[in-house]
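Below you'll find the structure, written out as structure tokens, and then a few comments.
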Amino acid sequence: MGVIVCLVAIIGVVAGYFKWIHSYWKRRGIEGPVGLPFIGSFYDLADREKPRGFIINKWTKMFGKVFGYYEGVIPVLVVSDLDMLQEMFIKKFDCFYARKTTNLIHGNLECSQEEPRVNLFAARGARWKRLRALASPAFSVKALKQIHETMEDSVFSMVDHMSKQVNGEAFNIHEYYQEFTYDVISRLAMGQTYSEQFNNEGVDIVKKIFLRKNRVYPWYLAVMFPGFENTIKNTFFNHEAVRGGDVGKLLKFCETAVHDRLKERADNVEQGIENPHNDFIDMFLDYYTDTNIEDNAFGIKVEKKVTSEDVIGACFVFLLAGFDTTANTLAYASYLLAKHPQEMRKVQDEIDRICTSEHISYDDIGKLRYMDAVIREALRMYPVAWFACSRECVQATTLGNYYIEKGVRIEADVRALHYSEEIWGKNANEFVPERWLESSPRHNMSWIPFGAGPRQCVGMRLGLSEAKTALAHLLRRFSILAGPKTEKELHLQGCTTTSPEKVTVHLMTRD
Ligand code: HEM
């Protein structure tokens, strides 16, 4: 009897504690969904078949431009107020330099003992600053011009593969884009020598990583007990939601590539051969050190040095980020163009006018204004990485009239911004590339598919030039058309980025 009373008392205290935690927003006069006991809204937001962006947007419609929910015990504020976002992403970056982590279960991301292998996407503070400084040169205009030929070669290969579908049955064009973007990033980042589309084992692995489920017990534990995230990570290390399964396979692949390269480079030095600069691994390894790096405090100059763990982390994140986002962007743009043949012909006319030789140069791509408008509009209607447009408060401050405590996580409702009639007018729900050709001024937080501020997507220029080069070559030879099998509405999936399950179109020779 005594044991039962004790148990009931403990359960009562624990339940009371969680209930109190889940009154955080109410105590501050901020509305929002309370969610389930213990896990808050985590369950709703971890449905692979109903991406979180849609759920959050449904709540914005109910509660307004600023509301709060709970990810387990962590209070999360959702914002679609333009000025508050400007403050968070740009003006008060020093208070929000950490991204809210929703992709892997981590230890302390600022501590190299807990997280020796951190990557640019997840890193925080001084570690992030150092990795960003190392990565940025690879994405400069100069660097993109240098790699344009390699990327274009992968485009030729993609168009060749796709041409087998010409004038035939409807097919899933997304698969071809996934092969293409993985090919490009493997060549740029990992030193893959030739195009290997439809022959690359990595594609299946990265596809599965993006389709992982978050409704798994390590995640439930991590959101209920965030203070023990490192212990949870170590206890369930080999779980597919942590560092096992396909994540483990991809990490192993990057690990082998980096260790092999280190050996190759050491051999070169011994034989007096100059080390090459073939890919991102070489670029990073130019700054290699085999001693541990102590990052300085945030804001202080950080030395440009990397460990092998840093390079493995970089390869991992580039393979993932470079693959999925651009393939999805291409798939969405193709879907919209297939459904809007007039707009597709306008893109084709522009390509015919500007791209007059066999190769399409980086500079030609920059002149395709209508194409640029189409891609921007596709990313407005289908922002692929809205989960990443988030931050964690690392130093208490205010946003607008709201006091924000350290540890509060903040998420932009990108869909609310991108579909706002206040911003885009009455036709916000329609595909209208022309809106990008007008010079009407808009708040710079109105369109944030690449995020904003110092942590804006480092690969933005690469992703855009890749998507435009691929579409320019494809549409110059073929037309993408909708047919009876084309989806009326795309089925979108994913717990992190938002991918279409498939995009079914026809490819036809041009009249
Ligand atoms: C159309 C394509 C792409 C889209 C829509 C996209 C979107 C995004 C978004 C929304 C963020 C978060 C930004 C923020 O927090 O403010 C991000 C970050 C990032 N992206 Fe992209 N991305 C794309 C292509 C790429 C490519 C091609 C690469 C690399 C090869 C890449 C690598 C990264 C990395 C490393 C970060 C983290 C940057 C940091 O925290 O400093 N992305 N991306």
Side-chain angles (χ1 to χ4, degrees), residues 53 85-86 88-90 93 96-103 109 118-125 127-136 138-139 143-144 147 151 154 177-178 180-190 206 210 279-280 283-284 310 313-333 372 374-376 378-392 409-412 414-415 417-418 444-445 447-471 496-499:
L85 290 175
Q86 170 99 350
M88 178 182 83
F89 282 122
I90 301 172
F93 180 71
F96 295 100
Y97 61 66
R99 183 174 290 111
K100 169 180 178 302
T101 52
T102 39
N103 49 346
L109 288 158
V118 78
N119 64 56
L120 177 56
F121 189 86
R124 293 173 170 207
R127 297 182 96 187
W128 166 75
K129 209 166 190 185
R130 182 170 56 81
L131 294 177
R132 180 89 187 197
L134 281 155
S136 293
F139 300 97
L144 292 184
I147 53 127
M151 193 243 285
S154 287
Y177 292 141
Q178 289 177 315
F180 160 64
T181 56
Y182 191 82
D183 200 43
V184 172
I185 199 64
S186 300
R187 294 176 81 174
L188 301 185
M190 308 284 291
V206 288
F210 280 103
D279 53 24
F280 293 176
M283 184 192 75
F284 273 90
D310 288 334
C315 291
F316 177 75
V317 82
F318 290 147
L319 282 179
L320 288 173
F323 153 78
D324 179 72
T325 48
T326 313
N328 291 345
T329 304
L330 276 162
Y332 293 131
D372 183 64
V374 165
I375 302 277
R376 280 172 182 270
L379 281 168
R380 181 184 72 80
M381 300 186 77
Y382 296 100
V384 298
W386 43 17
F387 82 101
C389 298
S390 62
R391 297 288 183 266
E392 183 172 315
R409 296 176 181 178
I410 308 198
E411 213 166 344
V414 180
R415 194 175 163 83
L417 303 172
H418 285 198
N444 64 349
M445 293 294 127
W447 183 78
I448 53 165
F450 295 99
R455 281 202 91 147
Q456 191 183 39
C457 175
V458 74
M460 175 171 77
R461 282 202 209 100
L462 171 63
L464 287 173
S465 84
E466 217 178 317
K468 290 177 193 175
T469 313
L471 273 186
T496 50
T497 55
T498 314
S499 319

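We count ligands from 1, going down the list as the structure has it; atoms in each ligand are counted the same way.
Within ligand 1, the atoms closer than 4.0 Å to a non-hydrogen atom of Thr329 are 1 (C), numbered from 1 in the order shown. When each atom of ligand 1 is checked for a heavy atom of Ala452 under 4.0 Å away, the hits are 16 (O). Those atoms of ligand 1 that come under 4.0 Å of a heavy atom in Ala385, given as number and element, are 7 (C), 10 (C). Listed by number with element, the atoms of ligand 1 under 4.0 angstrom from any heavy atom of Gly451 are 10 (C), 13 (C), 14 (C), 16 (O). Interface of Ala321 with ligand 1, defined as ligand atoms under 4.0 Å from a residue heavy atom, comprises 25 (C), 26 (C), 31 (C), 32 (C), 33 (C). Every atom of ligand 1 with a heavy atom of Cys389 under 4.0 Å away is listed here by number and element: 10 (C).
Two rings, from Phe450 and Trp386, have their centers 6.0 Å or more apart.
Considering Leu464, Leu379, Val458 only, the shortest heavy-atom separation from atom 35 (C) of ligand 1 involves Val458. Nearest-residue assignment for atom 5 (C) of ligand 1 (options Val414, Val184, Leu320, Val384; heavy-atom criterion): Val384. Nearest to atom 18 (C) of ligand 1 by heavy-atom distance, out of Ser465, Cys457, Gly463, is Cys457. Of the listed options Lys129, Arg461, Arg391, Arg391 places a heavy atom closest to atom 15 (O) of ligand 1. Between atom 11 (C) of ligand 1 and the options Gly459, Pro449, Ala388, the minimum heavy-atom separation is to Ala388.
Looking only at side-chain heavy atoms (C-beta outward), Thr326 and Tyr177 stay at 4.5 Å or farther from each other. You'll find the side chain of Trp447 stays beyond 4.5 Å of the side chain of Leu417, heavy atoms only. For the pair Leu144 and Leu462, the minimum side-chain heavy-atom distance is below 4.5 Å.
At a 4.0 Å heavy-atom cut-off, ligand 1 touches Trp128 through the side chain alone. Using a 4.0 Å cut-off between heavy atoms, Leu120 contacts ligand 1 through both its backbone and its side chain. The proximity of Ser390 to ligand 1, defined as any non-hydrogen pair under 4.0 Å, does not occur for either the backbone or the side chain. In Arg132, the part holding a heavy atom less than 4.0 Å from any atom of ligand 1 is the side chain. With a heavy-atom cut-off of 4.0 Å, Arg99 touches ligand 1 through its side chain alone. Counting heavy atoms closer than 4.0 Å to ligand 1, residue Ile185 contributes side-chain atoms (C-beta onward) but none from N, CA, C or O.
Of the N or O atoms in Leu462, none lie within a sub-3.5 Å distance of an N or O in ligand 1. Residue-to-ligand polar distances keep Thr326 apart from ligand 1: every N/O pair is separated by 3.5 Å or more.
Here Glu392 does not pair with Lys100 in a salt bridge; the nearest charged N to carboxylate O distance is not below 4.0 Å. With respect to Lys468 and Asp372, a salt bridge is recorded, a charged nitrogen being found less than 4.0 Å from a carboxylate O. A salt bridge is absent between Asp310 and Arg127: the closest approach of a Lys/Arg side-chain nitrogen to an acidic carboxylate oxygen does not fall below 4.0 angstrom.
Taking all atoms of both residues into account, the shortest heavy-atom contact from Ala412 to Leu85 is CB-CD2, 3.8 Å.
Every ring-ring contact (aromatic ring centres under 6.0 Å, His included) that Phe139 has, sequence neighbours left out, goes to Phe280, Phe318. Among residues two or more places apart in sequence or in another chain, the salt bridge (charged side-chain N to carboxylate O under 4.0 Å, His left out) test is passed with Asp183 by none.
In this structure, Arg391 contributes its side chain and Phe89 its backbone to no donor-acceptor pair below 3.5 Å. Side-chain atoms of Arg455 come within 3.5 Å of backbone atoms of Tyr97 as a donor-acceptor pair (strictly under, hydrogens ignored).
The shortest contact between atom 36 (C) of ligand 1 and any protein heavy atom is with Phe121 CD1, 3.7 Å. Protein heavy atom closest to atom 14 (C) of ligand 1, with residue, atom name and distance, is Arg455 O, 3.2 Å. Protein heavy atom closest to atom 4 (C) of ligand 1, with residue, atom name and distance, is Phe450 CE2, 3.3 Å. Of the protein's heavy atoms, Thr325 OG1, 3.2 Å lies nearest to atom 24 (C) of ligand 1.
Residues Arg409 and Ser390 bring no donor and acceptor atom of their side chains to less than 3.5 Å of each other.
Only one option out of Leu464, Asp324, Leu379, Thr181 pairs with Thr329 in a side-chain contact (heavy atoms from CB on, under 4.5 Å); it is Leu379.
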